[in-house]
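By convention here, the first residue in the shown sequence is residue 1.
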Amino acid sequence: FNSINYLPVGFTGEETSSKYAGLIEMLSGAVSVAGNGKFAYIVTACDEVAWLCNMRGSDVEYNPVAQAYAVVTEECIHLFAEIGRMEQTLKAYLAEQDVALHGYGEYVAFLKSLSGSGRVVVCSKGKISVRDFYALSGGGENSGDVAAGIVEDPVTGGAVNRMKSVKNEVELEGFRRAYLYDGVAWCKLLKYIDDSLSNGRSLTEYEIGKKLIEFRSERIEYRGESFDPIVAYGANAALPHYSASEECSDVVPAMSVLDESVENDGNFLLMDTGGHYLQGTTDVTRTLSVGEPTEEEALQILRGLRERFS
């Protein structure tokens, strides 16, 4: 477990208490039909818990989330996370928002306590593990009986997921700003590549990926890569999700090397990377021609460009 941080409303655009109220309203139909108004809505996806509670972490590689669960009832949000890893600002904020904190390891016991409590259990069945099914039966072994006692989330894809997908104005502006920050880093990288290759310095794929991370890191809002950088030269660009390592990385030749070579006329350099910022996440792909492209290569690039604008 790593540290869990508070993401202020200046970045999220909405308080946790407001999200809670919206979720209750969205679930009210399913709950009223199925029971007496008492319910437990189970949230297992880490990104949904992070959005609901305005918090961020780094427990999952390339994802700004903490390992956590949430159970939403008619009374409050019950958050299950590593409390000792939470910054004080987050603890204070969650207390203000009436979020009840529980240890990460208390989650299964809490599910077991729901069995026979009279509450309607609502969840996306595709997001609940077999362990959770058993726990909701009070530790029984017949998962079929458990499944029959759970009300399916009334919203396709999940209520929290649906709410999270509708961005407010603060979030939209955050995305624009994140791409602005990322654009600056990309401009610096493209200049770095051009200067290096033009001045006789060859680069490795791995080196280019690390340089972009360095430029992104100049922003205090940067929180890491959103996936393993794809920097692929020549035939490597045809490999799905190719990722160079320091030990295994092809060389992108300098212009002087290409000029002296009879066999190497240059090739394409594909770069597909993304970064996390406090304001949002980016995903950018750029293709460069290293050396003079052939007529056929130029034609293919032109066709791709036309498709983008059609």
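- When side chains are defined from C-beta on, V170 does not count as touching T12, because their heavy atoms never get closer than 4.5 Å.
- Within the 4.5 Å cutoff, the side chain of K164 has heavy atoms near those of the D47 side chain.
- Electrostatic pairing of E246 and K210 does not count as a salt bridge here, judged by no charged N lying under 4.0 Å from a carboxylate O.
- Atom NZ of K191 has 12 or fewer heavy atoms from other residues, nucleotides or ligands within 6.0 Å.
- Salt bridge annotation for R119-E75: present, with a cationic side-chain nitrogen under 4.0 angstrom from a carboxylate oxygen.
- Contact of the L111 side chain with the I42 side chain is registered, since non-hydrogen atoms from C-beta on lie closer than 4.5 Å.
- When every heavy atom of S249 is checked against every heavy atom of T204, the shortest pair comes out as OG-CB, 3.5 Å.
- To the nearest 0.5 Å, the span separating CG on D194 from CG on L288 amounts to 9.0 Å.
- No hydrogens or angles considered: a donor-acceptor pair under 3.5 Å links the side chains of N236 and E205.
- Of the charged side-chain nitrogens involved, at least one lies within less than 4.0 Å of a carboxylate oxygen, so that K127 and E48 count as a salt-bridged pair.
- Partners of T282 by side-chain hydrogen bond (donor to acceptor under 3.5 Å, both in side chains), not counting sequence neighbours, listed by chain and number: D182.
- The only member of V160, V151, I77 that meets side-chain contact (heavy atoms from CB on, under 4.5 Å) when paired with Y41 is V160.
- Residues L299 and E295 fail the side-chain proximity criterion, which asks for heavy atoms closer than 4.5 Å.
- The shortest heavy-atom contact between I128 and C123 is CG1-SG, 3.4 Å.
- For the residue pair Y107 and T44, the shortest heavy atom distance occurs at OH-CG2, 3.7 Å.
- Other members of the cluster containing V65 are V60, with ILVMFWY side chains joined at under 4.5 Å, either directly or via other members.
- In this structure the side chain of V290 reaches within 4.5 angstrom of the side chain of M255, judged on heavy atoms.
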Quiz prompt | salt bridge (Lys or Arg N to Asp or Glu O under 4.0 Å) between K188 and E218, intermediate numbers included | solution = CA-CA 11 Å; K188 291 181 177 180; E218 292 176 1; 2.5 Å; yes
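- A donor atom on one side chain and an acceptor atom on the other are not found under 3.5 Å apart for S226 and H276.
- For the pair T16 and E96, the minimum side-chain heavy-atom distance is 4.5 Å or more.
- Residue Y277 is found in a hydrophobic cluster whose other members, listed by chain and number, are Y181, I213, Y222; membership requires side-chain heavy atoms under 4.5 Å apart, directly or through intermediates.
- Using a 4.5 Å cut-off on side-chain heavy atoms (C-beta onward), I24 and E74 make no contact.
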Quiz item: Hey, mind stepping through K19 and N54 against side chain to side chain contact (heavy atoms under 4.5 Å, CB included) and telling me if it holds?
Solution: CA-CA 10 Å; K19 296 176 181 180; N54 285 346; 2.6 Å; yes
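- Remark: Y104 engages F1, Y69 in a ring pair (Phe, Tyr, Trp, His ring centres under 6.0 Å) (not counting sequence neighbours).
- Cluster partners of L302 are absent, since no Ile, Leu, Val, Met, Phe, Trp or Tyr has side-chain heavy atoms less than 4.5 Å from it.
- For Y192, the side-chain hydrogen bond (donor to acceptor under 3.5 Å, both in side chains) partners at least two apart in sequence or on another chain are R201, E207.
- No side-chain N or O of Y20 forms a donor-acceptor pair with one of Q97 less than 3.5 Å apart.
- Under the 4.0 Å criterion applied to side-chain N and carboxylate O atoms, D59 and R85 are not assigned as salt-bridge partners.
- I208 and I230 are members of different hydrophobic clusters when ILVMFWY side chains are connected at heavy-atom separations under 4.5 Å.
- There is a side-chain donor-acceptor pair under 3.5 Å between E15 and Y93.
- Side chains of Y233 and D250: a donor-acceptor N/O pair is absent below 3.5 angstrom, by distance only.
- The two residues C53 and L90 have their closest heavy-atom pair at O-CD1, 4.3 Å.
- A 4.5 Å side-chain heavy-atom check between M86 and L79 finds at least one atom pair inside the cut-off.
- Around CG of L305, the count of heavy atoms belonging to other residues, nucleotides or ligands within 6.0 Å exceeds 12.
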